[in-house]
Enquirer: 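Below you will find the structure I want to go over with you.
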Protein chains: 2
Amino acid sequence: MPSISYHPEVAADSKPLRADAARNRANLLAAATEVFAARGLDAPLEQIARRAGVSIGTLYAHFPSREAFVDAIFPERLAVLDRIAERSLADPDPWSGFVGFLEGLFALQSEDHGLNDAVARRLPNAREVAEVCHRGGLHAERIVARAKASGQLRADFELGDLATLTWAMSQVIRESMDTAPNAWRRCLAFLTDGLRAEAARTPAGS
Amino acid sequence: MPSISYHPEVAADSKPLRADAARNRANLLAAATEVFAARGLDAPLEQIARRAGVSIGTLYAHFPSREAFVDAIFPERLAVLDRIAERSLADPDPWSGFVGFLEGLFALQSEDHGLNDAVARRLPNAREVAEVCHRGGLHAERIVARAKASGQLRADFELGDLATLTWAMSQVIRESMDTAPNAWRRCLAFLTDGLRAEAARTPAGS
DNA sequence: CACGAACCTGAGGGTGCCCTCGATTTCGTA
DNA sequence: TACGAAATCGAGGGCACCCTCAGGTTCGTG
């Protein structure tokens, strides 16, 4: 349960930070957000420190690992997923809810190299992110079940296929984001058209 | 233009190699093939040298760059693509030819991490590979055109979408190859079902 | 078999990134 | 303002990989 806030003024965990420390922490988070967005999750940490106007030592004092950054930055942004899922479940048409969920997820990923990596990659030590993804999975389960029950989503679609689709789309997004930011939509259109029950011709074996 | 043979006994280019050099070169190629297959194109070259029973210096004497390896190894294996394309064009049913081409391509990629990387990645300095891919593209153009002309492939599918699909599938293959070697087939089934003209519901915008 | 050319070796310098830790500065309080 | 705790700094050691080159070895021919 995320009791940690990285907004220093609200810091609930342990001692409050000294003023300079709080400022640096905030700068680091902002810098990390920008750098990850531009270069992906594997960007050198020293670049983040430089952009934050802080030494590499200070960076490590605040965030002992790359995953600590990830965990501090992305859960908040990924919280949108809950909204998207709720909206999808609220959609009177289960199919358009399902498609809307996928579109929302991938649109989110396509905004930001870092976010795209965070969603598509296994990050065992980023607990907060894992937690958000788990929540997303629970929502997805209901969305998928509803679309299947309505007879619109093909019956041989399984929950695990969502992970596969995410891998697939994450790569499309990664490769095209900087040159053709909407290319992934074409791919998704093909895919979702193939996921309709009435389109199912090729049985998906296990 | 591939006048170079990396089978020393047939070496046509320039001077013939000394016996030990020829042996080493063959060992290096075998080692590189194995290592690339297991670890992908970014595997450390020193690992290849070690497996070939040769020093790193010797490796560089034979293959001055990683791309030289790629160019020496993969064109031969990618030549299968020509066969696959021919078989697809020979198929009386344009649609099943089209699908067969995709299946053949991805099945090839799924055999080998290195091959998967070679197909999915831009390798500007691997001329031989680029050449093979270019040939593949020409074949693909006819296969796509035929499938579209027959009214079976959706009309808004474009040649460039093939590259996108390749990116997508390469990632699925990469992530699942070692744990679920056939997972990509499910994904491809969804995709191809969505590529049929009669399945087209969501227009693919540019 | 002896000699030179061809070939091989591996230590070592370069790069880029990771992360630590003792010295130094800054903050906030008394 | 002066003091100690808190925070910062950045040089530097590690690591993994890249690539080179001077010196030793092997081949194959005369």
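Given the structure is predicted, the values throughout are model-derived calculations rather than measurements. Per chain, numbering begins at 1; letters A, B, ... match sequence-line order.
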Enquirer: How many whole angstroms separate atom CZ of B/F63 from atom P of C/dC8?
Expert: 11 Å
Enquirer: For A/I48 and C/dC17, give me the distance from atom CD1 to atom P, rounded to whole Å.
Expert: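 Interatomic distance, CD1 of A/I48 to P of C/dC17: 12 Å.
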Enquirer: Return whichever of B/R18 or B/T58 has its heavy-atom-nearest nucleotide of DNA chain C closer to the 5' end.
Expert: B/R18
Enquirer: Whether A/H62 contacts D/dA7 is assessed here as follows: a side-chain N or O lying under 4.0 Å from the phosphate OP1 or OP2. Is that the case?
Expert: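 So the side chain of A/H62 is outside the cut-off, no N or O lying under 4.0 Å from OP1 or OP2 of D/dA7.
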Enquirer: Could you tell me if A/R25 sits above the aromatic ring of A/F63, with its cationic atom closer than 6.0 Å to the ring centre and no more than 45 degrees from the axis?
Expert: yes
Enquirer: Distance only, no hydrogens: is a donor on one side chain within 3.5 Å (strictly under) of an acceptor on the other, for B/Q47 and B/R50?
Expert: no
Enquirer: Establish, with yes or no, whether the OP1 or OP2 oxygen of D/dC18 is under 4.0 angstrom from a side-chain nitrogen or oxygen of B/R66.
Expert: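 It does, given that an N or O in the side chain of B/R66 lies less than 4.0 Å from OP1 or OP2 of D/dC18.
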Enquirer: Quick one: on DNA chain D, does B/P44 or A/I56 contact a more 5' nucleotide (nearest heavy atom)?
Expert: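 By nearest-heavy-atom nucleotide position, the 5'-most residue is A/I56.
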Enquirer: Any carboxylate oxygen within less than 4.0 angstrom of a Lys/Arg side-chain nitrogen, looking at A/R154 and A/D161?
Expert: no
Enquirer: Rounding to 10°, can you tell me the angle the first-five-pair axis of the helix from C/dC1-D/dG30 to C/dA30-D/dT1 makes with its last-five-pair axis?
Expert: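 Inter-axis angle at the ends, rounded: 10°.
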Enquirer: If you find the nucleotide of DNA chain D closest to B/A19 and the one closest to B/Q47, which residue's nucleotide is nearer the 5' end?
Expert: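 That would be B/Q47.
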Enquirer: Tell me if the CZ atom of B/R39 is crowded by more than 12 foreign heavy atoms within 6.0 Å.
Expert: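 No, because the 6.0 Å sphere around CZ of B/R39 holds 12 heavy atoms or fewer from other groups.
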Enquirer: Rounded to the Å, how far apart are B/Y60 OH and C/dG13 C1'?
Expert: 14 Å
Enquirer: Nearest to the A/N24 side chain among D/dT8, C/dC7, D/dC18, which nucleotide is it?
Expert: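 Given the options D/dT8, C/dC7, D/dC18, the side chain of A/N24 is closest to D/dT8.
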Enquirer: Remember a base hit wins even if backbone is also touched, and classify B/L45 as base, sugar-phosphate or nothing at under 4.0 Å, heavy atoms.
Expert: sugar-phosphate
Enquirer: Could you give the CZ-to-C1' distance, from B/R50 to D/dC17, as a whole number of Å?
Expert: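 Roughly 12 Å, once rounded to whole Å.
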Enquirer: Find the distance A/E46:CD to D/dG13:C1' and express it as a whole number of Å.
Expert: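 Taking CD of A/E46 and C1' of D/dG13, I get 13 Å after rounding.
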Enquirer: Tell me: CG of A/L59 to P of D/dT8, nearest whole Å?
Expert: 11 Å
Enquirer: Quick one: are B/D91 and B/R146 in side-chain contact, heavy atoms under 4.5 Å?
Expert: yes
Enquirer: Nearest whole angstrom, please: distance from the C1' of D/dA6 to the CZ of A/R25.
Expert: 14 Å
Enquirer: Is any NZ, NE, NH1 or NH2 atom of the basic residue among B/D193 and A/R196 found under 4.0 Å from an Asp or Glu carboxylate oxygen of the other?
Expert: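 No, no charged N to carboxylate O under 4.0 Å.
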